[in-house]
Structures are given as C-alpha cells and as structure tokens.
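Taking it in order: structure first as structure tokens, then the write-up.
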2 protein chains.
Amino acid sequence: MAAPKIDAVDVKLLALLQRSADRHLAELAEAVGLSQTPCWRRVQRLRQDGVITANVALLDRAKINLGVTVFVSIRTNVHTPAWFERFKATIDLIPEVVEFYRMSGDVDYMLRVVVPDIAAYDRVYKRLIQDTQLSDVNSSFAMEQLKYTTALPLSYVG
Amino acid sequence: MAAPKIDAVDVKLLALLQRSADRHLAELAEAVGLSQTPCWRRVQRLRQDGVITANVALLDRAKINLGVTVFVSIRTNVHTPAWFERFKATIDLIPEVVEFYRMSGDVDYMLRVVVPDIAAYDRVYKRLIQDTQLSDVNSSFAMEQLKYTTALPLSYVG
DNA sequence: GGTGAAATGGCCGCCGT
DNA sequence: ACGGCGGCCATTTCACC
C-alpha cells in the first residue's frame with residue numbers, strides 16, 4: 001500500500017526518530033506514552049512499511065574537508081531516453097553529487113555537489129561534461145550553509 | 001581541534017555508518033578488520049570529535065505526503081545584519097524549508113522546500129514574503145528526485 | 001496494548017601485548 | 001593502539017493476558 005496508516009503516536013515517534021535515532025527504547029516509549037513492547041512494534045511496522053527507509057550517521061562536512069557546496073543548473077537539448085539513462089548512470093557514480101533533480105521551467109536538471117574547494121569542483125565539472133552532452137551548465141557557489149536538516153515536516157501526514 | 005586525525009580505518013567506519021548506522025557492532029568490527037573493543041572505541045571517538053554529528057532515521061517523502069520539492073532563489077536589497085537575523089529566524093521556524101544557503105553570484109539565498117502540493121507551497125511562500133522583505137523570489141519546481149543521499153564523499157579526508 | 005522473562009548483544013572496566 | 005575476558009545492564013523478542 002502506498003499510504004500506510006500513520007496515527008498521531010506514529011507521528012510522534014517519527015518526529016523523535018528523525019531527530020535522533022539512537023535513543024533508548026525506554027525513553028522513546030515514555031515520550032509517546034506507551035510501554036516498551038508496543039512502542040517497539042510500532043517502530044518495526046514503520047520500518048517494514050517503508051516509512052522509515054534507513055538509519056544513518058550524519059557527518060560534519062567541515063571535519064571531512066567538504067567546505068564547499070555548489071548548485072549546478074543544467075540544460076540539455078538531447079531528450080532521448082538513452083541519453084537520460086547514461087546521464088543518470090554518470091551522476092550515480094559521482095559521490096560528490098549528493099542531490100539530483102529533474103526540474104520544470106527553464107532549467108532541465110539541478111545538482112547539489114559537495115567538494116573541498118573550487119579545484120575539486122572543477123574536476124567534478126569536467127567529469128560531468130565529458131561523459132554527457134550538456135548544452136548549458138551553470139554553477140552557483142554557496143558561501144554558507146545556514147540550515148540543513150534531514151527532518152521532514154510531519155504536519156501533512158494523513 | 002578543527003581537524004581530528006582520521007585514518008583509513010576511520011574512513012571505512014564512516015562509510016559504513018553513513019549508509020546504515022543500525023548495524024551490530026560485531027559486523028562493523030569484522031568489516032573493518034578489528035575486534036569489537038577497539039572498533040567501539042573508534043566510533044565513540046568519532047562521535048566525541050564531532051565527526052559524527054547525529055544518528056537519524058530517514059523517512060520516505062512520498063509516504064508522509066511530501067511529493068513536491070521546490071528550489072527558491074532569493075534576492076534582496078536590504079543587507080543589514082538585523083535584516084539577516086530576522087530572515088534567518090523566520091526560515092528556522094519553517095519546517096518545510098529543509099535547506100538554506102547564502103550564495104555567491106546573482107542570487108543572494110537559496111532554499112529547498114518540501115511540501116505535498118503547490119497549494120501548500122503557496123502558503124509557505126506567503127509566509128516567507130510576509131515576514132521578510134525580499135526584492136525578488138524565484139521558485140523552481142522539481143519534477144522528480146533522481147538522487148538524494150546523506151552519504152558524503154570521503155575521498156578528501158586528511 | 002500490557003506484562004514478565006529469557007536470550008541476545010552492547011558497554012566498559014581491566015590487563016596483557 | 002589492538003585484543004580478550006568478564007560482568008553488568010540495556011534491548012530485543014518471546015509467550016501469554
């Protein structure tokens with residue numbers, strides 16, 4: 001089912017877990033007003049239903065030498081499925097590209113790229129335009145990341 | 001210290017943990033070729049040094065009714081610190097804004113917003129322009145999210 | 001949902017290398 | 001800095017109400 005039932009207690013659980021998932025089951029259960037077993041069962045169900053897709057560690061970009069974020073707007077004049085498949089496959093193999101969207105409007109695709117410096121970005125850029133035919137590529141550099149969260153708004157559930 | 005020493009084994013640990021952090025310590029240890037105690041100590045140290053900032057659950061956007069992603073490019077002609085503080089405070093209070101950058105180039109700020117539909121985006125948009133003075137706001141809608149990962153490239157460490 | 005309890009596994013000392 | 005042992009405690013996962 002595409003829309004598993006998610007009630008108010010589930011929303012509370014999701015809100016907590018998407019902030020920090022390494023809580024003890026005891027405090028999670030207490031926070032939502034359940035005892036441990038049913039609380040644990042709900043979390044299991046949310047995982048099985050695919051609402052919770054993964055449990056990951058978030059790293060400090062600065063501490064692993066990734067101070068620079070670049071947004072790349074891409075236009076192309078080739079619009080065949082074959083071209084797209086190759087383009088997507090290329091992007092998937094570039095770990096510096098952390099986000100990739102197909103856009104509406106004047107830009108066809110948008111990327112978010114993280115790199116240590118401009119020189120490293122240039123290498124990613126060359127790899128991009130070498131493997132695929134792009135008619136127009138526009139790079140915008142972020143000076144500062146003011147907000148970044150993996151916590152999604154939960155007010156629209158249900 | 002801004003740059004804690006991170007060796008090849010730490011990189012392996014980080015690579016595994018940023019893919020899935022809910023592994024048993026035993027398999028983590030085996031994967032990096034250590035026994036459990038030193039492996040556990042390394043993970044603790046990476047947390048304490050702030051390399052690992054959090055451990056979070058990732059949710060399926062579609063399953064919580066957030067199918068639409070919007071990139072918002074913002075220009076302003078007010079550049080005082082007071083204006084900026086208010087702008088940032090406003091953004092921080094909008095959970096639909098999941099990313100927020102100060103840019104170089106012709107755009108001053110860039111947001112990524114997640115919402116269920118265009119109508120919901122319009123409400124976020126109104127909230128934005130109501131609370132702050134923005135001279136130019138351009139919204140670009142994503143049709144499809146082709147890649148999204150919280151796993152950062154680890155090839156630049158050290 | 002709740003309870004209780006058994007099995008598992010993680011935590012964190014100590015000590016040897 | 002790694003490995004191993006060991007005891008304590010948290011969590012998981014039963015069977016049952």
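Chain letters run A, B, ... following the sequence lines, proteins first, then strands; residues in each count from 1.
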Overall bend - the helix from dG1(C)-dC17(D) to dT17(C)-dA1(D), comparing terminal axes fitted on five pairs, nearest 10 degrees =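 Axis angle across the helix from dG1(C)-dC17(D) to dT17(C)-dA1(D), nearest 10°: 30°.
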Other residues, nucleotides, ligands: >12 heavy atoms within 6.0 Å of [X] [atom1]:
X	atom1	value
Arg86(A)	CZ	no
Glu144(A)	CD	yes
Gln44(A)	CD	yes

Side-chain contact test, heavy atoms from C-beta onward, threshold under 4.5 Å: evaluate it for Phe141(B) versus Ile118(B) and give yes or no.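 They are in side-chain contact.
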Under the salt bridge (charged side-chain N to carboxylate O under 4.0 Å, His left out) definition, can you give me all pairs with a residue in residues 18-41 of chain B, not counting sequence neighbours?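 Every salt bridge (charged side-chain N to carboxylate O under 4.0 Å, His left out) pair that includes a residue of residues 18-41 of chain B, provided the two are not neighbours, is Arg47(A)-Asp22(B).
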Note: [X]-[Y] ion pair, threshold 4.0 Å (strictly below):
X	Y	value
Asp10(B)	Arg42(B)	yes
Arg127(B)	Asp131(B)	no
Glu99(B)	Arg112(A)	yes

Could you go through nucleotides 10-13 of chain C and list every protein N or O atom that sits under 3.5 Å from one of its N or O atoms, giving the distance for each pair?
from: dG10(C); atom 1: OP1; to: Leu25(B); atom 2: N; distance (Å): 3.0
from: dC11(C); atom 1: OP2; to: Trp40(B); atom 2: NE1; distance (Å): 2.8

Find the distance [X]:[atom1] to [N]:[atom2] and express it as a whole number of Å.
X	N	atom1	atom2	value
Asn55(A)	dT12(D)	CG	P	11 Å
Glu27(B)	dT8(C)	CD	P	17 Å
Asp22(A)	dT12(D)	CG	P	12 Å

